[in-house]
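One structure is given here, and the rest of the page talks about it.
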Amino acid sequence: MNLDYLNDRQKEAVLWGDGPLLILAGAGSGKTSVLTTKIAYLIKERNVAPQNILAITFTNKAAKEMKERVIKLVGVQGYNIQISTFHSFGLRIIKENYERLGYEKNFTIIDSDDSLTVIKKILKEQNIDSNRCNPKFIKNQISSAKNELVTPEKYRTLVHDELSDLTYKVYKNYQETLLRNNCLDFDDLLVMPIMLFNNYPEVLESYQELFKYVFIDEYQDTNEAQYVLSKMISTKHKNICVVGDDSQSIYSWRGANFKNILNFEKDYKDAKVILLEQNYRSTKTILNAANSVIKNNLQKKDKRLWTENEDGEKIKYVRALDEKDEASFVTREVKKLRDNGISLDDIAVLYRTNAQSRTIEEGFLNSNIPYRIVGAFAFYSRKEIKDLLAYLKLIYNTKDDVSLTRVINYPKRGIGSKTIENLSMDAILKGTSMFEAIEKGKELAFKDLILEMKKKSDTLSLTETIDMVLDKSGIRKDLESEHTLEADIRLENLNEFKSITKTFEEESGIASLEDFLNEVSLVSDVNDEKGDDSPKVTLMTIHSVKGLEFGYVFVIGMEENIFPHVNSVEEGGLEEERRLCYVAITRAKKKLYLINALKRMLFGRTSVNMPSRFIKEIDVKYLDMPETKVLSKTIDKTEMFNDDNGLKAGDNVVHDTYGPGVVVNVDKSIATIAFKGHGIKKLMKNHKSIKKVE
């Protein structure tokens, strides 16, 4: 078998014989090629039967790619290799041993939504108010417990308070319900095989004999259940080859334990360790920057990426004035790259949190730069933003049946689809809107809520109105009670919406809900052309970009409290943030841009942040530092407002855009003014666009 296309270290890994092997594969070092070649070598040169090989990776896409590459190397024999995800492997074991686990042959696997439905049913049967204990929180706790191999009985010993006692009771009932219904959930696909092997040693031994050679890809991402399952299968022959990079372990929040790869040599005393340090992706400058950042982590394996590629351009470091200036810079640079013949498909903008994409999206929209959002919806397409906008539209226009239908039962307030259907029919018969047709029941309480918020919004600024809606509707409380990462992200996006209202008020002086909704509709009404494969810039979080590469990469928001994230102060958190930075840097092949802002409005608050410590950890010789911090002429927000101009009802004013008008009412910071030909407008009373006429 010809191995000439491999470098010395890659070849060593492929040729290494039996026994435990740890391949520490740095970013862009060709690990997939090594893994597939090693599997092919076992079959073609060492006559290992394909069915005796087990290869595990983390996504169906990666498993499919690995299988295709192996088949290309060994032919049809490759179809007999078990190459799959952990969950697919677990499902195979359960299918072959369902009776021992107490299940019937026709068992079903329930999805996440069905799992939540079962938990809600149990809470209802036990007369537990879902407002006191969020079903999604319970579901998350049960899932975490399973992945840590904590059974209901073991969970009971960990109970220290009312909430965990309640979780134990639901967990126990939940498992009994699944068994009674001949169902498994997704987490059971890992837990049940381990339970089977513990209870039936002879079954475990049969699988150990079947899978004499075990390969685990992305080993740094394994959780407790995956780690235990890997170890059990390979204990007898110890022909386990794990591939991974501790420096790219960034998923602790979903249970991954990077210490599994650090402890491999403790688990297998005679383990061989081979380092793949030659990078085929990036320039020397980019790799040197990545090395200079990651070396500051204490918990790591020592390795240093190197490449025979060119030195390449220095890393462009930019300190913008604010988030809009940051977006302007990125937009201008992307235009330059496109004008120089670079495909937009080869450009990515990376950020730490989803909410940061908004200003970049607006910059690209205004400049007609096509983009795609990976791993999340475009900002205005996100469910939580659509829900908030529906509330705002309904407050402004109670006849908006579409918005009413969207939020009348969100958050849950016991108004079912049948009630909504009847309400719609009543409205048709009466010739009114659904809102006007409401006369009774829980929907009447909703109607009163909207009317109350409508009245209050007259005396509040737009930003204050957002907070009022989030609080009074129950959206904020509902998301906070989930205690899940998904809910936290949704809350961040909702809080980021306040940045939009605040900027709108500051720049235009307008506090009118009508004008704001008109403005937002122009930005949010962008057609997402399905099947459009024309070149686009990729926007995504750094967590989502792992495994991908781009010629030109922009990393925005490189500031303390943003990246590293403000929540990273807990033990181990900062080191994971640094690994995340390492991942971001090593995605770039040709040119890397690191950008931060002197001040930033995020989640409706303006803060002044220090540059990220990760910038300081990069040797200055690899950075192209700007001589000046000013990138574009940006208006000073303090110049937009007068001191209190003492406006009162009856005053004559003139506005830069609307012309002469008369003040109808003044409340707190809001002036309601009647303009000839423009109608009544709500404006920030001390904005410089308004001048009092004596």
Side-chain angles (χ1 to χ4, degrees), residues 26-28 57-62 85 112 140 143-144 147 217-223 226 244-258 260-261 281 290 293-294 297 300 347-358 360-361 371-379 382 384 482-493 496 537-550 553-559 561-570 572-588 592 594-596 602-603 612 614:
T57 189
F58 271 79
T59 66
N60 290 317
K61 181 183 175 184
T85 63
S112 184
N140 199 46
S143 179
S144 295
N147 281 297
D217 192 16
E218 303 288 5
Y219 193 65
Q220 77 281 349
D221 293 335
T222 51
N223 62 25
Q226 292 159 340
D245 182 3
D246 56 297
S247 296
Q248 295 187 70
S249 179
I250 57 174
Y251 299 123
S252 66
W253 46 273
R254 68 184 189 199
N257 184 358
F258 80 104
N260 291 342
I261 198 166
R281 175 188 299 157
V293 169
I294 202 64
N297 269 6
K300 68 179 189 303
I347 303 172
V349 181
L350 310 180
Y351 34 82
R352 178 62 180 81
T353 61
N354 274 299
Q356 290 171 256
S357 75
R358 182 187 63 80
I360 301 295
E361 287 184 60
Y371 66 89
R372 66 173 66 85
I373 303 274
V374 175
F377 290 106
F379 188 82
R382 291 165 185 160
E384 59 275 15
E482 273 190 39
H483 299 285
T484 63
L485 180 68
E486 291 81 3
D488 289 345
I489 290 171
R490 285 179 179 162
L491 267 175
E492 281 189 350
N493 289 333
E496 176 59 11
V537 180
T538 300
L539 273 58
M540 64 202 309
T541 65
I542 303 168
H543 280 104
S544 301
V545 78
K546 187 168 171 286
L548 302 178
E549 58 183 45
F550 297 88
V553 172
F554 296 80
V555 186
I556 64 171
M558 293 289 291
E559 298 145 39
N561 298 326
I562 293 177
F563 191 28
H565 195 274
V566 66
N567 295 337
S568 66
V569 291
E570 56 197 57
L574 188 57
E575 293 219 342
E576 177 145 336
E577 290 290 298
R578 189 173 282 111
R579 293 195 292 271
L580 197 57
C581 183
Y582 174 85
V583 167
I585 292 172
T586 53
R587 297 313 94 193
L592 176 66
L594 302 177
I595 311 152
N596 55 28
L602 193 60
F603 314 137
S612 169
F614 304 144

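Heavy-atom basis, side chains included; hydrogens, waters and symmetry copies ignored.
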Got Arg579 and Asn297 here, is their nearest side-chain heavy-atom distance under 4.5 Å? yes

Could you check Met540 against Leu350 for side chain to side chain contact (heavy atoms under 4.5 Å, CB included), going step by step and ending with a plain yes or no? CA-CA 5 Å; Met540 64 202 309; Leu350 310 180; 3.6 Å; yes

Tell me, do Thr353 and His565 make a side-chain contact under 4.5 Å, heavy atoms counted? yes

Of all heavy-atom pairs linking Val553 and Ala584, the shortest is CG1-O, 4.3 Å

Using modelled atom types only, decide if a donor and an acceptor are shared between the side chain of Ser612 and the backbone of Phe563 within a distance under 3.5 Å. yes

To the closest 0.5 Å, what do you measure between CG (Asn561) and CG (Asn567)? 9.5 Å

Between Arg587 and Val583, what is the shortest heavy-atom contact and its length? NE-O, 2.7 Å

Roughly how far, to the nearest 0.5 Å, is CD1 of Ile360 from CG of Leu539? 7.0 Å

Close side-chain approach of Tyr582 and Ile250, heavy atoms under 4.5 Å: no

Could you pull out the closest heavy-atom pair between Ile562 and Gly557, with the gap in Å? CG2-O, 3.4 Å

CG of Asn354 to CD1 of Ile489, rounded to nearest 0.5 Å, is 5.5 Å

Search all heavy atoms of Ser568 against all heavy atoms of Glu577 and return the closest pair with its distance. CB-CG, 3.3 Å

Would you say Tyr351 and Thr541 make side-chain contact, with heavy atoms under 4.5 Å? yes

Under 3.5 Å: donor-acceptor pair, side chain of Arg490, backbone of Glu486: no

CZ on Phe550 to CZ on Arg281, rounded to 0.5 Å: 10.5 Å

Sub-3.5 Å donor-acceptor pair from the side chain of Gln220 to the main-chain atoms of Asp245, do we have one? yes

Regarding Thr222 and Asn260, is there a side-chain donor-to-acceptor distance under 3.5 Å anywhere? yes

Pairwise side-chain contact, Met558 with Arg352, heavy-atom cut-off 4.5 Å (strictly under): no

Does Glu496 have any side chain to side chain donor-acceptor pair (under 3.5 Å) partners at least two apart in sequence or in another chain, and if so, which? Arg358, Ser499

For Ser357 and Arg382, work out which heavy atoms get closest and say how close. OG-NH2, 3.5 Å

Minimum heavy-atom separation for Ser249 and Phe258, please, with both atom names. OG-CB, 2.9 Å

Test of understanding: with side chain to side chain donor-acceptor pair (under 3.5 Å), list the residues that count as partners of Lys546, not counting sequence neighbours. Glu218, Asp221

Given the rule in the side chain to side chain contact (heavy atoms under 4.5 Å, CB included) test, do Asp217 and Phe58 qualify, once you have shown the distances and angles that lead to the verdict? CA-CA 7 Å; Asp217 192 16; Phe58 271 79; 5.9 Å; no

Donor-acceptor check, side chain of Tyr251 to backbone of His543, threshold 3.5 angstrom: yes or no? yes

Can you spot which of Ile542, Ile585, Val545 makes a side chain to side chain contact (heavy atoms under 4.5 Å, CB included) with Leu580? Ile542

If only side-chain N and O atoms count, and only distance matters, is there a donor-acceptor pair under 3.5 Å linking Glu576 with Ser252? yes

